[in-house]
Amino acid sequence: MKKQEFIGSKINDRKIRYLFHDPGTSRIEAVLARGDRKLSRALAIAAEEGFVFDAWDECFHYDKWLSVFEKADIDPSFYANRAFGKDEVLPWDIIDCGVDKSFFLRESQKAYEEKTTPNCREMCSACGANKLGGERSCCPKAKK
Ligand code: SF4
């Protein structure tokens, strides 16, 4: 919220429209997006307590979600407010989208170094997607 206020305070041009997401909603979304199977307890409790249409501002109650996490013995900060370690096994590692995890880690490092990756049509960066193959693949290498 402080960051949002800071950015808002620096925008003095009336032509610029500053939109931002509610930080409470973002935090709950972060917990749900980064959570593992332990989170199922919280989702079951939320369902039992009648949580519906939480994407709508008028139906979203941040404090009620914190209460649900407490009842499920979930620390929301464990999911939403920490960096994942590079060697950490992540809940979604079981999903094979074709692109190798090592590629994502390399890309993450490059982003911090402000380095770009060439377009696939110019040079293959060996992301791993070519192994999926098939006509519907977005990898130009797989279509050859
Ligand atoms: S050409 Fe294919 S394998 Fe190479 S980086 Fe692009 S998508 Fe990945």
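For the numbers below, each heavy atom of this structure counts, side chains included, while hydrogens, waters and symmetry mates do not.
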J.: Within the 4.5 Å heavy-atom criterion, are R37 and P91 side-chain neighbours or not?
T.: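 No, every pair of side-chain atoms sits at 4.5 Å or beyond.
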J.: Could you go through W92 and D36, starting from their C-alpha distance and side-chain angles, then the distance that decides it, and tell me whether this counts as side-chain contact (heavy atoms from CB on, under 4.5 Å)?
T.: CA-CA 8 Å; W92 48 89; D36 53 24; over 6 Å; no
J.: Give, for atom CG of D75 and atom CD of E70, the distance between the pair rounded to the nearest 0.5 Å.
T.: 10.5 Å
J.: What are the two closest heavy atoms between A129 and V99, and how far apart are they?
T.: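 Looks like CB-CG2, 4.2 Å.
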J.: Kindly determine whether Y79 and I74 satisfy side-chain contact (heavy atoms from CB on, under 4.5 Å), including the steps that lead there.
T.: CA-CA 9 Å; Y79 297 107; I74 298 280; 3.8 Å; yes
J.: Is it the case that the side chains of W65 and D54 hold a donor-acceptor pair, with the cut-off being a distance below 3.5 Å and no angle test?
T.: yes
J.: I'd like to know if the side chain of E107 and the backbone of C127 have a donor-acceptor N/O pair within less than 3.5 Å.
T.: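 Judged by distance alone, no pair lies under 3.5 Å.
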J.: Side-chain contact, heavy-atom cut-off 4.5 Å: S26 with F20?
T.: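 When only atoms from C-beta onward are counted, F20 and S26 do not touch, as no gap falls below 4.5 Å.
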J.: Cationic tip of R34 within the cone over F84's six-membered ring, i.e. under 6.0 Å and within 45° of the normal?
T.: yes
J.: Should K115 and Q109 count as side-chain neighbours, where that means a heavy-atom distance under 4.5 Å?
T.: no
J.: V68 vs F51, test: side-chain contact (heavy atoms from CB on, under 4.5 Å). Steps then yes/no.
T.: CA-CA 10 Å; V68 162; F51 284 38; 3.6 Å; yes
J.: Just checking Y18: does its OH atom have more than 12 heavy atoms from other residues, nucleotides or ligands closer to it than 6.0 angstrom?
T.: yes
J.: Do I94 and L90 land in one hydrophobic cluster if side-chain heavy atoms of ILVMFWY residues count as linked below 4.5 Å?
T.: yes
J.: When you look at NZ of K101, are more than 12 heavy atoms from neighbouring residues, nucleotides or ligands closer to it than 6.0 Å?
T.: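 Yes, NZ of K101 has more than 12 neighbouring heavy atoms, counting only those of other groups under 6.0 Å.
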J.: How about S125 and R106: does a side-chain donor come under 3.5 Å of a side-chain acceptor?
T.: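 No, no side-chain donor-acceptor contact under 3.5 Å.
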J.: Checking side-chain contact (heavy atoms from CB on, under 4.5 Å) for the pair S67/H61: CA distance, chi angles, key distance, verdict?
T.: CA-CA 10 Å; S67 163; H61 302 285; over 6 Å; no
J.: When you look at CD of E49, are more than 12 heavy atoms from neighbouring residues, nucleotides or ligands closer to it than 6.0 Å?
T.: yes
J.: Any chance you could lay out the salt bridge (charged side-chain N to carboxylate O under 4.0 Å, His left out) test for R41 and D73, step after step, and finish with the verdict?
T.: CA-CA 9 Å; R41 282 198 302 269; D73 201 22; 5.4 Å; no
J.: Mark yes when over 12 heavy atoms from residues, nucleotides or ligands other than D13 sit less than 6.0 Å from its CG; otherwise mark no.
T.: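 Count over threshold, so yes.
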J.: Working note: K131 + D100, criterion salt bridge (charged side-chain N to carboxylate O under 4.0 Å, His left out); need CA distance, chi angles, decisive distance, verdict.
T.: CA-CA 10 Å; K131 69 178 176 273; D100 301 327; 2.9 Å; yes
J.: Go through the side-chain N and O atoms of D22 and Y62 and say whether any donor and acceptor fall under 3.5 Å apart.
T.: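 No - no donor-acceptor pair under 3.5 Å links their side chains.
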J.: Looking only at heavy atoms, what is the nearest atom pair of A80 and V31, with distance?
T.: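 Taking A80 first and V31 second, the nearest heavy atoms are CB-CG2, 3.7 Å.
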J.: Around atom CD of E58, are there more than 12 heavy atoms of other residues, nucleotides or ligands at under 6.0 Å?
T.: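 Count over threshold, so yes.
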J.: Assess whether a salt bridge exists between E88 and R82, defined as any Lys/Arg side-chain N lying under 4.0 Å from an Asp/Glu carboxylate O.
T.: yes
J.: Indicate whether the side chain of K110 and that of T116 have a donor and an acceptor atom separated by less than 3.5 Å.
T.: no
